[in-house]
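Heads up, the thing below is written out as structure tokens.
Order of the sequence lines sets the chain letters (A, B, ...), proteins ahead of strands, with each chain counted from 1.
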Amino acid sequence: MRVSESPRPSPERLLRQAQAEENKRWGARLKIFLGYAPGVGKSYRMLDEARRRCERGEDVVVGAIQSQQSADVQALVKKLELVSPLQTSEGQAIDVEAVLRRSPQVCVIDPLAAENPTGSRNSHRWQDVQELLRNGISVLTSVNLLHVEEYKEKVKAITGKDTTETIPKSFLLAADDIVIVDVPTDLCLWRLGEKLTPTGISNFQERQLSELRELALLLTAEVVDAQLESYVHAHGMEPVFGTHERFLVCLTSHSNAPAMIESGERNKERFQGELYAVYVCEPGRSKRERATIQRYFDAAKKAGATTEVLESDDPISAIVEYAHQKRITQIFIGHSAKNTWRDRFFGDPVLRLIRAAEGIDVRVFPH
Amino acid sequence: MPAADDTQRGNLKVYLGYAAGVGKTFQMLADGQAAAQRGVDVVVAYFEPHARPDTIEQAQGLEIVPHGKVEYRGKTFEEMDTAAVLRRRPNIALVDELAHTNIPGSARTKRWEDVQVLLDAGIEVWTTMNVQHIESLNDQIWQITGIQVRETVPDGIVRQAAEIVAVDVTPDALLNRLKRGAIYKPEMVEKALTGFFKGSNLGALRELTLRQAAHEVDLRQSVYDETRASQVSRISEARTRGAKDNQPKERILIHITADPSTAMLIRRGRRVADYLHADCTALYVHGTPELSQLPAEERQAVEKHLRFARSLQIETRVLGGSDIAKTVVEFARRNQVTQLFVAHSQVGLLERLRGRNFTEDIVRFAQDLQVTVVADRTRKQAS
């Protein structure tokens with residue numbers, strides 16, 4: 001099979017690799033604690049890890065702390081060494097120079113999303129973190145979903161809360177480690193002073209938080225998936241199948257492509273999965289067919305699909321190979337309205353695909 | 001999920017993890033401590049006696065209901081004393097390891113059955129389990145890890161839970177715990193490193209756990225939204241709203257046979273139906289005039305599959321018909337089925353000589369239906 005566009009590692013993966021390699025030279029690691037809202041207990045979880053590391057002999061300092069803390073968190077902070085942040089009339093900033101001079105193994109930054117006061121060495125706190133990492137200092141830091149740039153609008157649509165302090169999602173994808181701090185919504189609200197209602201989702205506020213919780217879980221799953229892909233890639237292993245639903249729509253000019261694309265889109269949304277669409281270009285296709293395929297490709301792209309043209313004189317093998325490469329879990333193919341001489345000679349292509357698609361479901365669509 | 005009218009029944013909360021040692025029990029006990037401090041009557045109804053030091057410390061101060069003793073083959077085993085917990089009647093009972101199979105001679109076969117008894121008595125239960133014990137994920141787990149998990153919990157039990165909490169830790173931290181001997185005894189560590197804890201397994205199981213937790217959260221949103229006209233914009237449907245809102249409800253039909261691959265087919269069908277919020281029915285068609293005329297072995301296999309489908313809350317139907325493929329397809333048409341689920345039956349020599357294959361017959365007949373041919377995910381690993 002020849003894939004017209006050779007499979008490239010995603011930009012995220014390249015970024016991850018570059019950053020990981022850079023930091024690894026110094027043994028520095030970035031670990032992010034992600035929460036879906038204030039009150040889930042990110043700070044506690046992170047500082048508790050800092051305490052344990054300290055007890056195991058690692059050299060840990062705290063470079064930034066939240067202005068408002070629960071008693072539990074305060075008790076943990078007291079056990080750790082603090083490199084006092086710089087105070088200005090505009091607010092706080094990590095004293096990067098002091099931390100670099102102190103040169104600990106690990107620095108705790110709580111929270112990650114913060115705009116530094118004007119005149120600071122970096123405009124954003126996440127850039128301070130990058131500087132620490134580049135200098136061989138590992139960082140433990142916490143972030144709330146609201147402060148991830150790409151999720152800002154979604155969170156605003158759900159809760160009406162807005163923020164100007166954001167970090168790019170690519171920063172999360174490039175972290176060595178990410179951990180989600182997950183608690184039921186009622187406990188989260190209780191920590192913020194609301195009444196405890198331990199019965200699932202019981203009011204509108206919990207319902208909204210629940211939406212954020214789902215987003216945070218899926219974001220973490222996405223980061224884990226990217227890490228898994230790099231791991232498998234770096235170790236030259238067979239791709240791992242089945243952690244995540246991935247749908248592949250096979251487009252031909254004489255199948256019911258619009259219905260397949262629409263169903264693919266719905267499945268992608270429901271499973272929070274991924275959608276791909278391919279067309280296998282066989283030699284000698286007419287111009288009119290190419291125009292039809294182009295229309296389908298546009299529709300597929302609009303539905304959020306990654307599209308690709310495969311060139312092969314053996315479409316079935318090309319599709320199966322592509323599917324394995326992309327870790328597809330379900331292939332959508334249409335019954336063909338017209339049988340070519342090839343089909344009469346080699347048998348129905350749909351049936352041949354079913355036989356060849358080892359380990360992958362095949363969904364056959366009516367014409 | 002709890003039925004709205006059944007206020008007497010206890011709530012269930014599940015701490016979901018991806019492997020031993022991620023901290024499920026620890027988290028459950030920590031939350032239990034917090035509840036006890038709020039003045040809630042919490043007891044530990046069961047936790048592993050060979051628990052890790054951190055975990056034992058976390059249980060300090062909580063009341064523990066003494067475990068029951070069960071004699072089996074000259075040895076004494078400890079199990080949860082369900083009767084004692086019922087007598088004690090706490091507000092909340094903490095029960096470790098939902099997927100555990102009780103020692104023969106216990107009152108019930110599975111711990112999740114004991115948990116049902118507590119819930120029925122109005123006791124709130126908090127419990128722990130790993131993602132690989134969810135019934136409908138069984139084949140995916142096999143596909144990912146090459147390990148067949150035998151102790152499973154029906155999806156319906158997990159679905160009852162008012163809350164699912166994902167207990168997350170990075171694989172690196174987990175491997176450190178394992179190597180420090182904090183999870184298994186030293187002689188077990190090597191075995192773990194070549195099994196579930198091997199290479200990419202942990203990452204894959206972790207991803208599956210996070211996605212499962214997100215899905216469970218999503219299902220609970222649907223329940224809330226169905227009982228109240230919710231104004232919250234849903235992420236899972238954020239971009240499919242509008243014209244497609246009028247999509248008729250999907251109906252899935254699973255075709256049952258005596259073939260062992262049917263169990264996998266049922267699990268897959270159930271899972272897809274859950275995600276698509278679809279109705280789900282299973283159908284068996286016998287070629288003999290009467291079901292009783294089937295060879296005993298075949299009949300037992302079919303009955304086992306029908307029972308399994310019902311245990312996953314799938315409605316089952318049995319029909320007779322000389323042409324099985326045709327009967328299945330006609331039933332699907334009559335019942336407005338939108339997706340037909342069939343397994344890819346192995347092509348036997350006889351079939352190949354005749355040039356016929358049952359699955360392929362269905363695909364050919366049902367040109368007006370969507371047919372999903374479910375791959376056998378276990379076969380590749382097993383071979």
Side-chain angles (χ1 to χ4, degrees), chain A residues 31 154 157-158 177-184 187 196 198-201 204 207-208 210-211 213-215 217-218 220-221 224-225 227-228 231-232 235 237 240-244 262-263 265-267 269-272 304 330 335 348 350-351 354 357-367, chain B residues 1-2 11 13 31 38 124 140 143-144 162-163 165-170 172 199-200 203-204 206-208 210-211 213-214 217-218 220-221 223-225 230-240 244 247 268 275-276 339 344 359-360 363-364 367-375 377 380:
Chain A
K31 184 165 184 173
K154 279 187 186 173
I158 295 165
D177 288 317
I178 184 165
V179 169
I180 185 167
V181 184
D182 185 41
V183 296
L187 206 56
L196 198 62
T199 47
I201 301 168
F204 183 66
R207 176 67 186 80
Q208 286 183 311
S210 164
E211 204 73 33
R213 194 178 163 200
E214 187 181 353
L215 276 174
L217 285 162
L218 290 170
T220 315
V224 170
D225 192 70
Q227 289 176 344
L228 192 62
Y231 180 92
V232 165
H235 290 75
M237 295 158 69
V240 180
F241 285 90
T243 51
H244 185 185
E262 194 188 304
S263 175
E265 184 181 12
R266 195 165 58 246
N267 276 270
E269 298 291 343
R270 286 298 175 100
F271 283 90
Q272 293 287 317
Q330 225 181 105
H335 270 299
D348 187 339
V350 170
L351 300 183
I354 290 170
E358 206 177 317
I360 304 174
D361 294 351
V362 177
R363 188 151 151 199
V364 187
F365 281 72
H367 183 75
Chain B
M1 273 156 275
N11 278 313
K13 176 150 102 182
D31 289 356
R38 291 197 298 269
E124 177 162 336
Q140 260 167 290
Q143 191 181 22
I144 290 167
E163 279 293 357
V165 184
V167 182
D168 192 31
V169 68
T170 63
D172 278 350
S200 55
R206 185 178 177 212
E207 186 184 344
L208 209 54
L210 293 165
R211 292 194 187 281
V217 168
D218 193 76
R220 280 154 190 77
Q221 292 165 9
V223 170
Y224 178 90
D225 294 352
S230 174
Q231 301 290 309
V232 181
S233 70
R234 302 193 54 140
I235 55 164
S236 57
E237 283 153 33
R239 264 185 298 145
T240 40
K244 288 169 206 159
Q247 277 281 344
R268 182 72 176 158
Y275 273 88
L276 297 178
Q339 257 197 82
H344 191 206
T359 307
E360 298 179 355
V363 172
R364 240 181 264 118
Q367 298 234 350
D368 53 337
L369 289 172
Q370 282 180 29
V371 182
T372 301
V373 182
V374 174
R377 291 179 161 74
K380 204 178 160 194

Side-chain (B:Y224) to main-chain (A:F204) donor-acceptor, under 3.5 angstrom: yes
Do the non-hydrogen side-chain atoms of B:H344 and A:V362 ever get within less than 4.5 Å of each other? no
Do any N or O atoms from the side chain of B:Q221 and from the backbone of A:S210 form a donor-acceptor pair under 3.5 angstrom? yes
Taking the side chain as every heavy atom from C-beta outward, state whether B:Q370 and A:V364 have any atom pair closer than 4.5 Å. no
Looking only at heavy atoms, what is the nearest atom pair of B:A375 and A:G359, with distance? CB-C, 3.4 Å
Taking salt bridge (charged side-chain N to carboxylate O under 4.0 Å, His left out) as the definition, give me every residue that meets it alongside B:K13, ordered by chain and number, with sequence neighbours left out. none
Residues in salt bridge (charged side-chain N to carboxylate O under 4.0 Å, His left out) contact with A:D177, at least two apart in sequence or another chain: A:R29
Using heavy-atom distances under 4.5 Å, tell me whether B:L276 contacts chain A through its side chain, its backbone, both, or neither. both
What pair of heavy atoms forms the shortest contact from A:V179 to B:D168, and how long is it? CA-OD2, 3.5 Å
For residues B:R206 and A:L228, determine if any side-chain heavy atom of one lies less than 4.5 Å from a side-chain heavy atom of the other. no
Identify the two heavy atoms, one from B:E207 and one from A:A221, that lie closest to each other, and give their separation to 0.1 Å. CG-O, 3.7 Å
Closest contact, heavy atoms only, B:A214 versus A:E214: O-CG, 3.7 Å
B:D368, B:L210, B:V167: which one forms the most heavy-atom pairs within less than 4.5 Å of chain A? B:L210
If every non-hydrogen atom of A:D182 is compared with every non-hydrogen atom of B:A166, which pair is closest and at what distance? OD2-N, 2.7 Å
For the residue pair A:V350 and B:R364, establish whether any side-chain heavy-atom pair is separated by less than 4.5 Å. no
